[in-house]
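Everything below concerns the one structure shown next.
Here is how names work: the chains are called A, B, and so on, in the same order as the sequence lines, proteins then strands, and each is numbered from 1. These figures come from a predicted structure and were not determined experimentally.
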Amino acid sequence: MFKIRLPDDSVREVAPGATPADIAAAIGPGLAKAALAARVDGEVRDIMRPFDGDADLALITAKDEADALELVRHDYAHVMAEAVQSLFPGTQITFGPATDDGFYYDFAAPESRGPFTEDDLPAIEEEMRRIIKADKPLVREEWTRNRLIQWFRDKGETFKAEWAEELPEGEALTVYHSGAPGADGSWLDLCRGPHLASTGKLDPAAFKLTRVSGAYWRGDQANAQLSRIYGTGWLNKKQLKAHLLRLEEAAKRDHRKLGQEMDLFHLQAEAHGSVFWHPNGYMIWRELEAYMRRRMDSAGYREIKTPQVMDVRQWEQSGHWGKYAENMFAVPDIVPDGEDKAPAVAKDADWMAIKPMNCPAHVLVFKQGITSYRDLPIRLGEMGCCHRNEPHGALHGLMRVRQFTQDDAHIFCTEAQVVEEVRAFCELAERVYKDFGFTYSIKLALRPEKRFGSDADWDKAEDELRNAVVEAGMATEEYGWEELPGEGAFYAPKLEWHLTDAIGRTWQVGTIQSDRVLPERLDASYIGEDGEKHRPIMLHRAIYGSYERFIGILIENHAGRMPVWLAPVQAVVATIVSDADTYAEKVAERLKNLGLRVDTDLRNEKINYKVREHSLAKVPYLLVVGKREADEGTVAVRRLGADKHQRVITLEEIEVELTGEAKAPDLRR
RNA sequence: GCUGCCGUAGCUCAGUGGUAGAGCACACCCUUGGUAAGGGUGAGGCCGAGAGUUCGAUCCUCUCCGGCAGCACCA
């Protein structure tokens, strides 16, 4: 007999061969029905899998949402794979995991038919519902590796066979049958599990196939491209509907859509991946830039400006040409003759390259003259405009562009100063992100495979970054502290700041990198206390990351309703009747004289129309004036996002209110 | 860059193998109206670019450019 202990510490004895399902049934029919799987000694297992000895048992039901969702999504993936193979014979299966909101499965579609398209989805959904309603038992079996390989080879499943061949020899491998093994219509996949007891445990109305795409076999671009089908899956219909609603809400915040509606910027084919900033959008930029200048000035940075284009030899020396050339724009140093649209370039032409990063130029500034250890640390900042030739498929609105401006800076310091500089940067970053109301997490990206520099240097650099965060007290769960092996830049490990926006998405923005390679390659040095030359360490750092991306994040985070200090137009004075025109202009004039961005709307339109238009334009303050306000020297205030309730206040009062709200966070008292 | 889908008026989108339509926006006229669309009239399009099939292409085929969703790559 096995002793099975339940969460309430009661113990039940069962005969060998008994399963968690038996215990659930013994406790009650309600639980037997609700139980989806079992946690046995902490491990999630099939509810029909017999105990192998004494165990602690907790039954998993829909109430254990995280576990339940993971199980259900994994099962949807398998049901989808079964459905696809039944509808499209000749399709090979590969892998299909659960994701954050659903599942996907990668298939090798039959060559004769080509990859799946969205038109295939309704039929697949229908077939999935049929399989779910058939309530097929999901049966676990242990197979040897050879049996597996043979099985998949016989079926023509080359991907699965390849995978099975790499699995460890002696270990028993699990397969799951959908339907009794050997029975008509039974289907099989290699899978670690666990699974629900049967397909009927899934809700046929709680999933939806959402899209198709390509995906590389084993995530490697060098491998075959598979056809991936994505779905979202939930425990019940209500959850599915809520999820679809969340997607709609997110779509409404899309910065590309809002950017057009609010006339902030545009993109067009002739400069694809580079932003045309309109006056409204550039006003946000200017405020951000002014704010960051103040923050950096007071943190001891000095701002510089360096060339956009430098001789390729310089990029060769810095190492960028070797490691980064595929992302760089190069220009021949020639004079076009004006006759050919695209002049021929001689083989021996000199080449220049547009900067993809600011760092080499900053080293060149550092190298002018002789630097004493007494001068360190030297913090050189630049609002540096960089160009990177990104893969076309990666471009995305403001978030991923080919021309962007960084709030960049490089700190040159001694080894002894690194930890303190990084720690100070952690605090500066925290102040900035708090001013914008963001929460964030900090990650340490460790050495990648393709890299410069010795392992000893990487050891030191990684330790320094880690220690600095520890000293700042931020290497904690609260700050989402995590280390990411292999994710560093080719020249240095990186600390990364990931912002979480208003709807829970994360974006990498800030970074600091400790670099020993570039000072070496470009021969930067300072004179130490001992009168000898020494290599400085160079810290690359940014807080916004890029203005483009940061503005994109701000737009989505606020759904376009920017805080007053960032709003391109902070207030509109709108008239009800033309008799109030003069007064409206006077109001606007007074507010403008206080440095506020104010427009008037004197058009021959009804107030309803004006309210609607300026609300949609996300203007934070609408000041409505009619005869009454003109007579009394007041304005009727309509604050964007506040309830309908309106306030009528004096001109003096609105001046105080607006100037208060329009102050940048670092200037408030 | 790879896979799939898409490209028609400033914007959002219908549509057809015989060179085009709606709503909003825009212009003009009427309307002076108290908090999310007052009414009328009008102007506006090389139907992404190039080649092919066809008597004839916005529509069919191919190539290219761009966009979208993933993948891969990244601030």
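Remark: Asn608(A) is in phosphate contact with rA36(B), judged by side-chain N or O atoms under 4.0 Å from OP1 or OP2. The side chain of Gln260(A) contributes an N or O atom lying less than 4.0 Å from OP1 or OP2 of rU12(B). A close approach under 4.0 Å does occur between a side-chain nitrogen or oxygen of His396(A) and OP1 or OP2 of rA69(B). Contact check, Arg400(A) against rC73(B): no side-chain N or O comes under 4.0 Å of OP1 or OP2. For the OP1/OP2 pair of rA36(B) and a distance below 4.0 Å, the side-chain nitrogens and oxygens of His614(A) include no atom meeting the criterion. At rA36(B), none of the side-chain N or O atoms of Lys606(A) fall inside 4.0 Å of OP1 or OP2 (strictly under the cut-off). Phosphate contact (OP1/OP2 of rA69(B), side-chain N/O of Arg256(A), threshold under 4.0 Å): present.
Atom CD in Glu487(A) sits about 10 Å away from atom P in rA75(B), given to the nearest Å. The distance between atom CG of Asn327(A) and atom C1' of rG1(B), rounded to the nearest whole Å, is 11 Å. If you take OH of Tyr609(A) and P of rU35(B), they are 18 Å apart, rounded to a whole angstrom. Computed from coordinates, the His278(A) NE2 to rG10(B) C1' distance equals 11 Å when rounded to whole Å. Atom CZ in Arg612(A) sits about 8 Å away from atom P in rA25(B), given to the nearest Å. The interatomic distance linking Tyr583(A) (OH) with rU32(B) (P) rounds to 24 Å, in whole Å.
Using N1 to N3 plus N6-O4 or O6-N4 for Watson-Crick, or N1-O2 and O6-N3 for G-U wobble, each under 3.5 Å, rG45(B) pairs with nothing. Figure legend. rC71(B) is base-paired to rG1(B); pairs are counted as Watson-Crick or G-U wobble with both atom distances under 3.5 Å. With both pairing distances under 3.5 Å, rG17(B) is matched to nothing as a Watson-Crick or G-U wobble pair. As the counterpart of rC60(B), rG52(B) is assigned, both hydrogen-bonding distances of the Watson-Crick or G-U wobble pattern falling under 3.5 Å. When both pairing distances are held under 3.5 Å, rC24(B) makes a Watson-Crick or G-U pair with rG10(B). A 3.5 Å limit on both hydrogen-bonding distances identifies no Watson-Crick or G-U partner for rA37(B).
Residue Ala574(A) is out of contact with every strand shown, counting any heavy-atom pair closer than 4.0 Å. Within the 4.0 angstrom heavy-atom criterion, no nucleotide atom of any strand lies near Lys610(A). Here Arg549(A) lies in heavy-atom contact (under 4.0 Å) with a base. Heavy atoms of Gly114(A) sit nowhere under 4.0 angstrom from any nucleic acid atom. Residue His392(A) is classed as a base contact, given a heavy-atom separation below 4.0 Å to a base. Lys494(A) comes within 4.0 angstrom of sugar-phosphate atoms only, judged by non-hydrogen atoms across all strands, and of no base. Contact annotation for Pro391(A): base contact, defined as any heavy-atom pair under 4.0 Å involving a base atom. Here Glu629(A) lies in heavy-atom contact (under 4.0 Å) with a base. Using a 4.0 Å heavy-atom cutoff across all strands shown, Leu616(A) reaches at least one base atom of the nucleic acid.
Using a 4.5 Å cut-off on side-chain heavy atoms (C-beta onward), Phe207(A) and Thr232(A) make no contact.
The pair Arg388(A)-Glu326(A) does not meet the salt-bridge criterion, since no charged nitrogen lies less than 4.0 angstrom from a carboxylate oxygen. Between Arg293(A) and Glu303(A) there is a salt bridge, with a side-chain nitrogen of the basic residue lying less than 4.0 Å from a carboxylate oxygen of the acidic one.
Taking the six-membered ring where the residue is Trp, His410(A) and His540(A) present perpendicular rings, their angle passing 60° and hence far from 30°.
At a cut-off of 3.5 Å, with distance as the only test, no side-chain donor of Gln406(A) or Tyr544(A) sits close to an acceptor on the other residue.
Checking rC26(B), rG1(B), rG34(B) against the side-chain heavy atoms of Arg603(A) singles out rC26(B) as nearest.
A distance cut-off of 5.5 Å between ring centres, combined with a plane angle under 30°, places Phe404(A) in a stacking arrangement with the base of rA75(B).
rC60(B) and rC47(B) are spaced 15 Å apart, taking the P atom of each and rounding to whole Å. With both ends at atom P, the span from rG10(B) to rG44(B) equals 12 Å, rounded to whole Å.
Judged by the 6.0 Å distance and 45° axis criteria, Arg113(A) is positioned over the aromatic ring of Phe88(A).
Residue Met80(A) holds its CE atom at 9.0 Å from OH of Tyr105(A), rounded to the nearest 0.5 Å.
Taking 3.5 Å as the limit, the base of rA69(B) and the side chain of Arg211(A) contain no donor-acceptor pair of atoms between them.
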